[in-house]
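Just below is one structure, and these are the notes that go with it.
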2 protein chains.
Amino acid sequence: MPAPKYLTIKQYLFNEIASGRWTEHHKVPSENQLATQFSVSRMTARRALQELTEEGALVRTKGLGSFVASFKNQSSLLKVKNIVDEIELRGMKHSCELVTLEKRSSNPEVSVALSLPLESPVFFAALIHYQDRQPIQLEARYVNARLVPNFIEQDFTKITPHEYLAKTLPLTEAEHVVEAVLADRQVLHYLKLNPPQACLQLTRRSWSSLGVVSFTQLTHPGQHYRMGSQARFGD
Amino acid sequence: MPAPKYLTIKQYLFNEIASGRWTEHHKVPSENQLATQFSVSRMTARRALQELTEEGALVRTKGLGSFVASFKNQSSLLKVKNIVDEIELRGMKHSCELVTLEKRSSNPEVSVALSLPLESPVFFAALIHYQDRQPIQLEARYVNARLVPNFIEQDFTKITPHEYLAKTLPLTEAEHVVEAVLADRQVLHYLKLNPPQACLQLTRRSWSSLGVVSFTQLTHPGQHYRMGSQARFGD
DNA sequence: GAGTGGTCTAGACCACCCC
DNA sequence: GGGTGGTCTAGACCACTCG
């Protein structure tokens with residue numbers, strides 16, 4: 001029982017994208033080209049393209065062709081948590097203050113999160129996101145310095161760290177954990193809150209094909225932030 | 001430009017399920033039966049079944065047939081938050097204590113949440129869920145009494161309210177909001193906590209085809225509860 | 001008009017399940 | 001063996017985009 005042909009094609013396309021050889025908006029081969037190239041019928045080639053489209057890796061337009069999707073739109077979960085989009089959706093202005101941006105050596109916790117040896121080079125960034133003038137998120141982020149060597153040279157008041165990463169390399173996977181925590185001294189200070197304050201804390205790890213890229217803690221004051229989601233059954 | 005044939009078939013199947021005429025585990029027509037019934041090729045009938053399967057409405061087994069999926073497994077979001085499964089997944093024992101179960105008249109907040117006129121009949125249930133002997137979730141639930149008239153007669157130490165609802169009528173849609181809150185006096189008391197305590201609060205509304213069925217607040221102590229999720233790119 | 005994706009057909013072979 | 005879903009083919013017509 002050999003692997004299905006459509007899967008072979010799908011994996012070929014996926015590898016081209018995950019490896020970074022085809023980046024955002026790259027035009028991928030048409031159904032007919034793939035059918036010829038892999039000696040299959042058009043319907044079989046089509047299935048590979050179709051499934052990758054449903055999974056968010058490709059965008060297809062009638063009469064135009066199939067293209068690698070924007071990395072920032074890959075995952076609905078990632079999208080849900082893009083704070084800039086959310087704030088602008090509410091018609092408010094997003095701004096960002098850089099608190100820290102420096103090179104560090106990974107401590108045990110960070111090493112585990114990034115799957116790196118102890119004392120590996122990592123970048124650490126701390127930022128405060130504002131909605132209009134109100135602080136709404138504290139972002140503490142560790143980045144694998146080997147995978148994204150230019151991270152530390154960016155101006156994160158102009159582009160958010162997540163946007164920079166998504167622009168720079170193909171993020172292929174993400175893991176999220178959400179929990180409620182009491183704000184500690186630092187959080188109270190940066191978000192200008194009075195104790196006791198419950199905060200929603202989102203911990204995210206994101207991957208590229210080469211490994212864990214980034215480990216991030218996003219902390220929001222509970223009464224100012226809600227994460228919503230809708231699940232629908234059928235069409 | 002007439003509607004695609006596969007969509008017509010898909011909508012037909014969906015209506016049978018959403019209306020409740022076909023319930024959990026009901027065997028749906030085979031690819032060949034649908035092809036004959038709708039005068040289309042097998043590939044077209046197949047597409048309707050296939051898409052409903054990807055959307056979680058059907059389960060298909062080679063050699064056996066296609067069946068209406070368990071309502072409790074319809075949505076990954078719903079599944080994530082099924083506390084019984086989560087506790088048992090951890091190898092611990094779930095139990096449940098009924099605090100309140102009574103008929104009420106909807107106040108403004110509940111009326112809005114359930115899309116009902118003021119002073120409509122609703123049922124209210126309050127329960128504490130335990131993981132082994134530790135309280136881990138406070139559930140406060142309002143149910144539209146007209147849609148689920150027998151709700152109040154159930155024994156919720158044997159079946160959870162969500163299980164009962166999912167068993168009784170087809171839940172077609174759900175909306176979730178998660179936020180961090182400080183535990184109030186009542187929550188501290190029922191979950192046996194000391195102030196100040198940050199809690200993760202999940203607010204859920206679930207629909208059937210006839211309207212909003214239920215409006216629920218689930219409160220968990222922050223340090224004992226995490227909601228995880230993974231997003232993957234491609235296969 | 002040439003190329004693209006969207007839909008559809010009427011066949012085919014296979015692995016699987018149940019009788 | 002008969003029915004089921006899983007894969008695959010070699011065609012077809014259409015609507016769309018672009019040059």
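Reminder, nothing fancy here: chain letters follow the sequence lines and each chain counts from 1.
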Without placing hydrogens or testing angles, list every side-chain donor-acceptor pair under 3.5 Å for residues 61-68 of chain A, not counting sequence neighbours.
residue: A/S66; atom: OG; partner: A/R60; partner atom: NE; Å: 3.0

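- Among residue pairs with one or both ends in residues 144-153 of chain B, none qualify as side-chain hydrogen bond (donor to acceptor under 3.5 Å, both in side chains); sequence neighbours excluded.
- Rotation axes derived from the C1' atoms of the five outermost pairs at either end of the helix from C/dG1-D/dC18 to C/dC18-D/dG1 lie 0° apart, to the nearest 10°.
- Put simply, A/Y6 has a side-chain N or O that comes within less than 4.0 Å of OP1 or OP2 on D/dT7.
- One finds a side-chain N or O of B/K5 lying less than 4.0 angstrom from the OP1 or OP2 phosphate oxygen of C/dT9.
- Taking the ring centre of A/Y6 as origin, the terminal cationic atom of A/R47 falls inside the region bounded by 6.0 Å and 45° from the ring axis.
- In this structure, B/Q50 does not reach the D/dG5 phosphate: none of its side-chain N or O atoms is under 4.0 Å from OP1 or OP2.
- Take B/F156 and apply the ring-ring contact (aromatic ring centres under 6.0 Å, His included) test, not counting sequence neighbours, and it matches B/F151.
- Along DNA chain D, the nucleotide nearest to B/E31 and the one nearest to A/T61 differ in position, and the one closer to the 5' end is contacted by B/E31.
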Enumerate all atom pairs, one protein N or O and one N or O from nucleotides 1-3 of chain C, separated by less than 3.5 Å.
residue: C/dG3; atom: N2; partner: A/G63; partner atom: O; Å: 3.1

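- The side chain of A/S66 contributes no N or O atom lying less than 4.0 Å from OP1 or OP2 of C/dT4.
- Looking at residues 41-49 of chain A, you'll see A/S41, A/R42, A/M43, A/T44, A/R47 sit with a heavy atom under 4.0 Å from some atom of DNA chain D.
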